[in-house]
Peer 1: 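Supplied in structure tokens, the structure appears directly below.
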Amino acid sequence: MRQDELGAVVLKKTDLASWVRGLLASYRVVAPVREGDAPLRYRPVAAADAMVLDGGRPLRAPKEHFIPQVEPLLAFRGSGKALTVQPATTGESATVILGARPCDARALGRL
């Protein structure tokens, strides 16, 4: 990696796999993935070689990985007549989206 004249960090394509491995140690990484003959979709990845960053646009925006359609809010536990209510935990770590279009990345900031 190096910094360009504007201060942006430039990552060489040859260093991408090791950078993604570093991300996977601490984050859930979501990137465009091709599943068979289906169009590209954003999916969680386990390795850099599963990502398709130069194969066109994914079918849908990545927002479903930040704002799920269904999300548990509370967990109920009962023992006899006693009932306890606790906030639900998802167990997911912070998420990194790779390969998002600029318009989708800006929209996530608005959401």
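For this chain, numbers begin at 1 and follow the sequence in order.
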Peer 1: Considering all heavy atoms of both residues, which atom of G99 and which atom of L53 are nearest to each other, and what is their separation?
Peer 2: CA-CD2, 3.8 Å
Peer 1: Do L11 and L24 share a hydrophobic cluster (ILVMFWY, side-chain heavy atoms under 4.5 Å, transitive)?
Peer 2: yes
Peer 1: Within a strict 4.5 Å, meaning less than it, do heavy atoms of the I97 and D104 side chains meet?
Peer 2: no
Peer 1: Could you report the tightest heavy-atom contact between M51 and V20, atom names first, then the distance?
Peer 2: CE-CG2, 3.8 Å
Peer 1: Can you find a pair of side-chain heavy atoms, one from K13 and one from D54, that are under 4.5 Å apart?
Peer 2: yes
Peer 1: Using the rule that two of Ile, Leu, Val, Met, Phe, Trp, Tyr join whenever any of their side-chain heavy atoms come within less than 4.5 Å, decide whether L23 and V33 are in one cluster.
Peer 2: yes
Peer 1: Going only through I, L, V, M, F, W and Y residues with side-chain contacts under 4.5 Å, is there a path from V52 to W19?
Peer 2: no
Peer 1: Say you draw a straight line from CZ of R77 to OG1 of T84; how long is it, rounded to the nearest 0.5 Å?
Peer 2: 7.0 Å
Peer 1: List the steps, then state whether side-chain contact (heavy atoms from CB on, under 4.5 Å) holds for V45 with L98.
Peer 2: CA-CA 10 Å; V45 295; L98 297 177; over 6 Å; no
Peer 1: Using only atom types and a distance under 3.5 Å, with no angle test, would you say the side chain of Y42 pairs donor to acceptor with the backbone of K63?
Peer 2: no
Peer 1: With clusters defined by side-chain heavy atoms of hydrophobic residues (ILVMFWY) lying less than 4.5 Å apart, directly or transitively, does L73 cluster with F76?
Peer 2: yes
Peer 1: Testing the basics here: between H65 and R28, what is the closest heavy-atom pair and its distance to 0.1 Å?
Peer 2: O-NH2, 3.0 Å
Peer 1: Give a yes or no answer on whether the side chain of R43 reaches the backbone of A50 with a donor-acceptor pair at less than 3.5 Å.
Peer 2: no
Peer 1: Could you tell me whether D15 and K12 make a salt bridge, using a distance below 4.0 angstrom between a side-chain N and a carboxylate O?
Peer 2: no
Peer 1: Which heavy atom of A17 sits nearest to which heavy atom of A48, and what is that distance?
Peer 2: CA-CB, 3.6 Å
